[in-house]
Amino acid sequence: MTQESGGRPAVTISRRGADRVRAGHPWVYRSDVVESRNVYPGAVVTVAQERNARGGHTPSSDRGRRRPASILGSAFYSTASEIAIRMVAPKVIEDPAGLVRDRIREAIAYRKRFVHDTNACRLIFSEGDLLPGLIVDRYNDVLSFQVLTQAMDTSRLREVFLKELGARLNPAAIIERVDPRVRRLEQLPPLETRLLPQMPAQLIEGAEGASPSGSEVLPAAKTSTEFEMNGVRFHLDALGGQKTGAFLDQRENYRAAREYARGHALDVFCYQGGFALHLAESCEKVTGVDSSRPALEIAERNAGLNGREIDWIEANAFDLLRDYVAAGNRYDTIVVDPPAFAKSKSHLGPAVAAYKELNLRALKMLRAGGVLVTCCCSYHVSTRDFLDVVAAAAQDSHRILRILDNRGQAKDHPTLPGIPETAYLKCLVVAVS
Ligand code: SAH
């Protein structure tokens, strides 16, 4: 990834692309790129609107004449993604490293001010923190990060953000979590999820278990820790698990669920027990269901950490709910938090059908006066779509639902008004009669 000679990387975009940027959306698709000069993978580019754009206000007599370009600002450039440009500032940035440092400081200050009752949170949420392609989660003394764009993957920016995070937070360990699919799509060289070798000195002393990586032996460092959300304790195995370890985006919904829950509770798609452990504080009996044995093993460990007894069942949730309905099982509280069924727009139909089926089965098992906490983390299913799904399930099960709380993702996953893609999680709490 070397910079070509011949000046600063610059991109000219169509009027359509420019209008979108002016309206506050940072993405410009490749189809709106009119011309690019001196670009390379991950370049920080100056973005301008094309001169004499058709449909613009340029008088025909001016066409073809050189006029000053209308500069829109600076952006991260990708040679691979359909999203060719991700705007990072509305002016030309001379010092991208300084920009990244400032944004990290700002992101940390935002969490300090607005995120409470936990030592685990998402510190950097990509576009949500104006740092496209960087996700950083903090679990107590362990940081876990993920790089999703060519620009964030350049050694220059990696060095900047790792140094800044290290200096500000002094973590015991930093782990890079790799999504191989995203790296392939971004045409980035393959990497393995790993503990970063440069560990702070205090950690290297007396730590256990060095793990070999190729020929080089990493310094010993911790890859597991314990963290807290809402007073509930969790174990983290930073090199295992799904996503970046735990579902921090549900933290505020766990709290809400705990408030509304009572009686006998069922947590469907429980993973490592996020909801179940919270429900156990307000319910007499809690059962968690998931198809992943490793997730349930951590869930059991988490129950132990909190001195709780929870029944964990390894099963396919669709089959289990069908059998439970047939068997006449009844609950006072049910949580349904499935994985994203609609990974793209084309999956919307089958995804909606799956969400409906799950909610229908849950509603059939709820006692009158019960509470359903139902979630959907598919961005492509809108809040309205999801309400329609739940309404349809209510019709089919002849239940009356009252919405107690219409919720989204926790505040450490900021949603920006101009970027709908930053909002993906829906969580409805409904009273069922
Ligand atoms: N509620 C959890 C997050 C759930 S993520 C929390 O708050 O932490 C979705 C979970 O669904 C994953 O743990 C995955 O293992 C599980 N899963 C996916 N398909 C499943 C299926 N068909 N049956 C049961 N569990 C499933």
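Each ligand, and each atom within it, is numbered from 1 in the order the structure gives.
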For ligand 1, which atoms, with element, lie under 4.0 Å from some heavy atom of [X]?
| X | answer |
| --- | --- |
| Y271 | 2 (C), 3 (C), 4 (C), 8 (O), 13 (O) |
| A317 | 21 (C), 23 (N), 24 (C) |
| A315 | 23 (N), 24 (C) |
| S292 | 15 (O) |
| Y254 | 6 (C), 7 (O), 8 (O) |

- prompt: Salt-bridged, D32 to R20, with N to O below 4.0 Å?
  reply: no
query: Do ligand 1 and P338 have nitrogen or oxygen atoms that lie under 3.5 Å from each other?
result: no
message: Please report whether ligand 1 has a polar contact with S291, defined as an N or O pair separated by less than 3.5 Å (distance criterion only).
response: yes
Who gets closest to [atom] by heavy atom: [options]?
| atom | options | answer |
| --- | --- | --- |
| atom 2 (C) of ligand 1 | L358, V373, D249, D337 | D337 |
| atom 9 (C) of ligand 1 | P339, A340, A299 | P339 |
| atom 10 (C) of ligand 1 | D290, V289, N316 | D290 |

- request: Could you tell me whether the side chains of E421 and W27 share a donor-acceptor contact shorter than 3.5 Å?
  value: no
query: Do the side-chain N and O atoms of S378 and Y355 include a donor-acceptor pair separated by under 3.5 angstrom?
result: yes
- prompt: Within a strict 4.5 Å, meaning less than it, do heavy atoms of the V21 and V47 side chains meet?
  reply: no
Expected output: side-chain T118 to main-chain E228 donor-acceptor under 3.5 Å: yes
task: Spell out, as yes or no, whether a donor-acceptor pair under 3.5 Å connects the side chain of T149 to the backbone of P132.
output: yes
Pairs meeting criterion side chain to side chain donor-acceptor pair (under 3.5 Å) with involvement of residues 319-328, two or more places apart: none
